[in-house]
Amino acid sequence: MTSAFAPGNISCVFKVIPHDDPERMHSLGMGFTVTEGVQATVSEHHQAKVLFNGEDINFPTVRAVVKRLTQDKEIAGIKVNLTSPLPLGCGFGLSGAAALATAYALNELIGTHKENEELAMIAHVAEVENRTGLGDVCSQYHGGCLVKLKEGAPLVADKLPIPEQPIYYRYFGPIQTSEVLRNKEQTKRINRAADTALAALQRLTHTPSNPELFNACFAVAKQFSVESGLLSDKRVINTIAQIEALGGIASMIMLGNGVFSTHAFDGAIETRLSKNPVRLI
């Protein structure tokens, strides 16, 4: 039995970079990892099995990772026990975290001796092929507040000099990533908004560390959420407006009907921006 942990990731801005090769399809944008995430505990079992917080779950992204790593091994089955305090489908990158933590733990358990970067790419490909995400694995592999600007390089990112600090969030419900990725017109609008946001983020990567840097990132994220058309849930819109009316800054979690802010607000749960990447336990 072996365990690994991968942090959750709050995505703030994303641009879809399509490609026929799943190792080249990914997203550009900005996001940051948080203290909570997914712990994956793997063990040999008489049949393949995936649990999430004790319940059987159909998790094709995790199954794809297991299949890839065990393809040359004579193993009856692998049991993957996933635990997390964060909700699935609400924009915390749990499918990426689950895939990445599973890859790290399983690599250790069955001795496939793959390098960490290769394990991250296996998790990324599983995400792309199952339409559960495009960029979370990169952030979870590195940890911290990251900007991704290099097209065709899914695991390359620039770290912004933003310190670990409290983050407050509230989620109202999920958005299915796969449905957004299948909607070509919506993807075009998202990418147009993302181009504006990425230009602003590129300028911020050259900004020295200062207390206003994270605020500037929030402003870019908020503008992107509006221009992309993704900010449409009235509960999310009203919550952001309430935070701003009190002098705070906030934006929408991508992709989920949720709000994140550096300011405490009604109904919010506290987490922390964390620089810790995926790791074996």
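No experiment lies behind these values; they were computed from the predicted model shown.
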Test log, rule side-chain hydrogen bond (donor to acceptor under 3.5 Å, both in side chains), inputs S95 and E127: CA-CA 7 Å; S95 59; E127 279 251 87; 2.5 Å; yes
Strictly distance-based, threshold 3.5 Å: is any side-chain N or O of [X] a donor or acceptor partner for the main-chain N or O of [Y]?
{"X": "H46", "Y": "A76", "result": "no"}
{"X": "S27", "Y": "F14", "result": "no"}
{"X": "N183", "Y": "E185", "result": "yes"}
{"X": "N107", "Y": "A103", "result": "no"}
{"X": "S228", "Y": "A193", "result": "no"}
{"X": "D56", "Y": "K49", "result": "no"}
{"X": "Q140", "Y": "G93", "result": "yes"}
{"X": "K150", "Y": "A157", "result": "no"}
{"X": "T33", "Y": "S274", "result": "yes"}
{"X": "H142", "Y": "V156", "result": "no"}

Is it the case that more than 12 heavy atoms not belonging to [X] sit under 6.0 Å from its [atom1] atom?
{"X": "K159", "atom1": "NZ", "result": "yes"}
{"X": "Q47", "atom1": "CD", "result": "yes"}
{"X": "H113", "atom1": "NE2", "result": "no"}
{"X": "R68", "atom1": "CZ", "result": "no"}
{"X": "E117", "atom1": "CD", "result": "no"}
{"X": "E55", "atom1": "CD", "result": "no"}
{"X": "D21", "atom1": "CG", "result": "yes"}

Check for me, please, whether [X] and [Y] land in the same ILVMFWY cluster - side-chain distances under 4.5 Å, paths through other members count.
{"X": "L82", "Y": "L51", "result": "no"}
{"X": "I17", "Y": "L146", "result": "no"}
{"X": "L230", "Y": "I240", "result": "yes"}
{"X": "F32", "Y": "L134", "result": "yes"}
{"X": "V278", "Y": "F59", "result": "yes"}

Going by ring pair (Phe, Tyr, Trp, His ring centres under 6.0 Å), name the residues that satisfy it together with [X], two or more places apart in sequence or in a different chain.
{"X": "F218", "answer": "F214, F260"}
{"X": "Y104", "answer": "none"}
{"X": "F92", "answer": "Y169"}

So, for [X] and [Y], which heavy atoms are closest and what is the spacing to 0.1 Å?
{"X": "S3", "Y": "T41", "answer": "OG-OG1, 2.7 Å"}
{"X": "V38", "Y": "A97", "answer": "CG2-CB, 3.8 Å"}
{"X": "M25", "Y": "P18", "answer": "CG-CA, 4.0 Å"}
{"X": "G111", "Y": "K73", "answer": "O-NZ, 3.8 Å"}
{"X": "A48", "Y": "R63", "answer": "CB-NH1, 3.7 Å"}
{"X": "V220", "Y": "A200", "answer": "CG2-CB, 3.8 Å"}

For [X], what residues pass the side-chain contact (heavy atoms from CB on, under 4.5 Å) criterion, not counting sequence neighbours?
{"X": "T187", "answer": "V16, N191"}
{"X": "P163", "answer": "Q165"}
{"X": "R189", "answer": "R192"}

Look up atom [atom1] in [X] and atom [atom2] in [Y], then write down how far apart they are to the nearest 0.5 Å.
{"X": "D136", "Y": "N9", "atom1": "CG", "atom2": "CG", "result": "4.5 Å"}
{"X": "L69", "Y": "T102", "atom1": "CG", "atom2": "OG1", "result": "9.5 Å"}
{"X": "K222", "Y": "E244", "atom1": "NZ", "atom2": "CD", "result": "3.5 Å"}
{"X": "T239", "Y": "M252", "atom1": "OG1", "atom2": "CE", "result": "12.0 Å"}
{"X": "L86", "Y": "I269", "atom1": "CG", "atom2": "CD1", "result": "8.5 Å"}
{"X": "T205", "Y": "L149", "atom1": "OG1", "atom2": "CG", "result": "6.0 Å"}

Qualifying residue for side chain to side chain contact (heavy atoms under 4.5 Å, CB included) with L106, from I75, T70, T112, V80: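 Of the listed residues I75, T70, T112, V80, the side chain to side chain contact (heavy atoms under 4.5 Å, CB included) partner of L106 is T70.
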Residue that, paired with V259, satisfies side chain to side chain contact (heavy atoms under 4.5 Å, CB included) out of Y171, F172, Y168: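 Single pass found, and it is F172.
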Side-chain donor-acceptor contact under 3.5 Å, T83 with Q39: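 Note: T83 and Q39 side chains miss the donor-acceptor criterion.
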Worked verdict on F265 versus L246 for side chain to side chain contact (heavy atoms under 4.5 Å, CB included): CA-CA 9 Å; F265 59 94; L246 295 172; over 6 Å; no
Side chain to side chain, L119 and Y141, heavy atoms closer than 4.5 Å: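 A side-chain contact under 4.5 Å is absent here.
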Sub-4.5 Å side-chain heavy-atom contact between E23 and P154: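 They are not in side-chain contact.
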I122/K114 under side chain to side chain contact (heavy atoms under 4.5 Å, CB included): CA gap, chis, key distance, verdict: CA-CA 10 Å; I122 288 170; K114 295 189 182 297; 3.8 Å; yes
Salt bridge (Lys or Arg N to Asp or Glu O under 4.0 Å) between E36 and R272, intermediate numbers included: CA-CA 8 Å; E36 297 84 7; R272 283 186 69 80; over 6 Å; no
Stepwise side chain to side chain contact (heavy atoms under 4.5 Å, CB included) test for L94 and S84: CA-CA 8 Å; L94 292 203; S84 178; 3.8 Å; yes
Test log, rule side chain to side chain contact (heavy atoms under 4.5 Å, CB included), inputs L88 and I57: CA-CA 11 Å; L88 276 170; I57 185 172; 3.6 Å; yes
